[in-house]
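Working notes, structure below.
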Amino acid sequence: MVTDTAERVADLLAALPEPAHRNPEQRERATEAKNLARSVRSRFMSLHGEAVYRELTANHSLDLRLPELVAGAAVNYPGLVPSAEQLVVEQARSQADKEGLEIDQGIFLREVLRSPTAGRHLIDAMALPTERALGLLPEFRRTGRLDLGSVRLERRGSAAHLTIVRTDCLNAEDNRHVEDMETAVDLALLDPAVSVGLLRGGEMTHPRYRGRRVFSAGINLKSLHAGKISLIDFLLRRELGYINKLLRGLRVDHAGAWHTPVIEKPWVAAVDTFAIGGGAQLLMVFDRVLAATDSYVSLPAAQEGIVPGAGNLRLGRLAGGRISRQVVLWGRRIHATEPDAGYLLDEVVEPDRLDGAVAESLERLDSPAVVTNRRMVNLAEEPPQLFQQYMAEFAMQQSLRLYSEDVIGKVGRFTAAARSHA
């Protein structure tokens, strides 16, 4: 039923002009056809999602990461999610010109993550170290330094310093940045000589902030508008990959893992200039957050049209429901010197004192007792089951947001503005 419906819809879409060139009647026909197929997929997954996952993972004996899982589903259950060939065509298009095939991945992953067994197994699989990190570990242990492209990693004493160095785009995140960040976090957690980690932004070459450190400008909107931000490789991998590892640690398999099958370490964040969007989301999982007095935090995802990762899950716990709504729904900026900044920032110092505050924080958090207690605090504040439930709905809602009319409208305005300045 899924395959037959998917083939009929694919034939109908192929007979139409490409999405950007369809007239209103053609767009309506395409939408109705895609909605029919998605209803069939949703019903299939609600009935058979756990069985599908068991088959793809050989009864949970295979630890498949997100790309491997959806690729396996495409081969074993044709029409359930986009095929590799369909994705190649889709990825070459701008966001406004896409068919929205990632919504089908959202349908699939919502049901996988909803399942108590399949969802837990997938999250555990994403908590394993990446192959890239395992390959680079000997070099990092030997030299204590790596340049990963988006992130520079350096071991200083017992601390791993992760410096974001996307200097031309104010440390905005894209697919490659997520890959580099997960690799860096894995390496810091895997290296036994490291017992505490720091994340900070590097100095910018961007004309407006040249020579100044910036923490993060959040999602790279230029990449989003160009259709280069992936649901799987960015939006979901980011949450289930490196951010979840910062919070809950790295899953390991070794002889001593019977009592604690993860490697966890305390983390410090140092905010220079601003932490916008995804940068603000990151602060919510750190054990200590330092900021310069001239910095601010904001989470403008509602204005951008998307869901701010797990920020909606965490901000209310930290700052309360009213402030969470002001920041997420209204777009409020919180400046470091405001009283409400204390809900997100632990210590605010003058810019020239930030280095000293960082050194003090790293020294004080370098303790085995801190590791154990952070684990228990995190368990009390955000139980794994709550995170799993949130991510199930996030997979669906974020995929819909990527292809909603208001986001596509913003894409068009951004593209027109970019062309006018070309």
Side-chain angles (χ1 to χ4, degrees), residues 106 109-110 113-114 116 119 123 173 199 215-219 221 235-236 238-240 242-248 266-269 271 274-291 293 295-348 373-402 404 406-407 410:
L109 289 169
R110 175 179 61 178
L113 287 163
R114 275 180 174 175
I123 291 173
E173 293 190 69
L199 181 64
F215 187 73
S216 173
I219 191 171
L221 292 175
L235 294 163
L236 288 172
R238 183 175 183 273
E239 302 298 331
L240 296 174
Y242 85 84
I243 296 181
N244 196 44
K245 289 173 176 177
L246 286 168
L247 183 66
R248 293 185 175 87
W267 289 91
V268 175
V271 179
F274 51 68
I276 299 174
Q281 296 165 32
L282 283 174
L283 304 183
M284 300 176 202
V285 302
F286 277 76
D287 301 295
R288 188 164 182 81
V289 180
L290 312 171
T293 52
S295 65
Y296 69 87
V297 177
S298 69
L299 204 61
Q303 285 70 48
E304 295 164 357
I306 58 176
V307 181
N312 293 331
L313 174 65
R314 294 167 179 146
L315 184 56
R317 184 191 74 232
L318 292 170
R322 289 267 59 88
I323 292 177
S324 179
R325 284 167 170 78
Q326 291 166 16
V327 171
V328 175
L329 306 182
W330 197 252
R332 175 187 171 187
R333 286 184 180 182
I334 296 182
H335 294 270
T337 52
E338 293 181 44
D340 285 345
Y343 294 115
L344 290 168
L345 310 175
D346 295 295
E347 185 178 358
V348 177
N373 280 287
R374 81 181 293 273
R375 179 181 304 134
M376 303 310 292
V377 168
N378 289 334
L379 181 62
E381 289 186 342
E382 188 182 300
Q385 297 85 351
L386 177 62
F387 175 69
Q388 181 180 334
Q389 293 167 7
Y390 180 92
M391 290 308 302
E393 191 61 19
F394 174 81
M396 185 74 265
Q397 296 304 322
Q398 190 72 299
S399 68
L400 291 171
R401 282 280 81 213
L402 285 176
S404 61
D406 59 316
V407 171
K410 291 181 175 70

How long is the span from the [atom1] atom in [X] to the [atom2] atom in [Y], to the nearest 0.5 Å?
| X | Y | atom1 | atom2 | answer |
| --- | --- | --- | --- | --- |
| Arg317 | Asn312 | CZ | CG | 12.5 Å |
| Ser216 | Leu283 | OG | CG | 9.0 Å |
| Asn244 | Arg238 | CG | CZ | 12.5 Å |
| Leu402 | Gln397 | CG | CD | 11.5 Å |

4.5 Å side-chain heavy-atom contact, [X] and [Y]:
| X | Y | answer |
| --- | --- | --- |
| Ile323 | Ile334 | yes |
| Leu282 | Leu246 | yes |
| Ile276 | Phe215 | no |
| Leu109 | Met391 | no |
| Glu239 | Phe394 | yes |
| Val327 | Val297 | no |
| Leu290 | Arg288 | yes |
| Val271 | Tyr296 | no |

For [X] against [Y], the heavy-atom pair lying closest together:
| X | Y | answer |
| --- | --- | --- |
| Pro266 | Asp287 | CA-OD2, 3.2 Å |
| Leu315 | Ser324 | CD2-CA, 3.7 Å |
| Val328 | Pro308 | CG1-CG, 4.3 Å |
| Ala336 | Ala341 | O-CB, 3.4 Å |
| Leu345 | Ala291 | CD1-CB, 3.7 Å |

Next item on the list: Report the C-alpha separation of Arg332 and Glu338 in whole Å, then their side-chain angles, then the decisive distance to 0.1 Å, and conclude whether the salt bridge (Lys or Arg N to Asp or Glu O under 4.0 Å) test is met.
Entry: CA-CA 12 Å; Arg332 175 187 171 187; Glu338 293 181 44; 2.9 Å; yes
Enumerate donor-acceptor pairs with a distance under 3.5 Å from any side-chain N or O in residues 377-388 to protein atoms, sequence neighbours excluded.
from   : atom 1 : to     : atom 2 : distance (Å)
Asn378 : ND2    : Leu247 : O      : 3.1
Asn378 : ND2    : Arg374 : O      : 3.2
Glu382 : OE1    : Arg314 : NE     : 2.7
Glu382 : OE2    : Arg248 : NH1    : 3.4
Glu382 : OE2    : Arg248 : NH2    : 2.8
Glu382 : OE2    : Arg314 : NH2    : 3.0
Gln388 : NE2    : Leu113 : O      : 2.9
Gln388 : NE2    : Ser115 : O      : 2.8

With [X] via side chain to side chain contact (heavy atoms under 4.5 Å, CB included) - residues at least two apart:
| X | value |
| --- | --- |
| Asn373 | Ala369 |
| Gln303 | Pro300 |
| Leu318 | Met284, Leu344 |

Note to self: Looking at Val307, is its backbone amide N or carbonyl O close enough to the side chain of Gln398 to form a donor-acceptor pair, meaning the two atoms are under 3.5 Å apart?
What the structure shows: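 Yes, because the side chain of Gln398 sits within donor-acceptor range (under 3.5 Å) of the backbone of Val307.
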Next item on the list: Output yes when a side-chain donor or acceptor of Ser399 lies under 3.5 Å from a complementary backbone atom of Ala395, and no otherwise.
Entry: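 Between the backbone of Ala395 and the side chain of Ser399 there is a qualifying donor-acceptor contact (under 3.5 Å).
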Check: Counting only heavy atoms not in Tyr343, do more than 12 sit closer than 6.0 Å to its OH atom?
Finding: no
Note to self: Counting neighbours of CZ on Arg401 that are heavy atoms of other residues, nucleotides or ligands and sit closer than 6.0 Å, is the number greater than 12?
What the structure shows: yes
Check: Is there any salt bridge (Lys or Arg N to Asp or Glu O under 4.0 Å) pair reaching into residues 386-396, and which pairs are they, with sequence neighbours excluded?
Finding: Arg114-Glu393
Check: Listed by chain and number, what are the side-chain hydrogen bond (donor to acceptor under 3.5 Å, both in side chains) partners of Arg375, not counting sequence neighbours?
Finding: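 Result, side-chain hydrogen bond (donor to acceptor under 3.5 Å, both in side chains) vs Arg375: Glu264.
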Notebook entry, point to check: In terms of ring plane angle, is the pair Trp267 and Phe286 parallel, tilted or perpendicular, where the classes change at 30° and 60°?
Noted result: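 Trp267 and Phe286: perpendicular rings.
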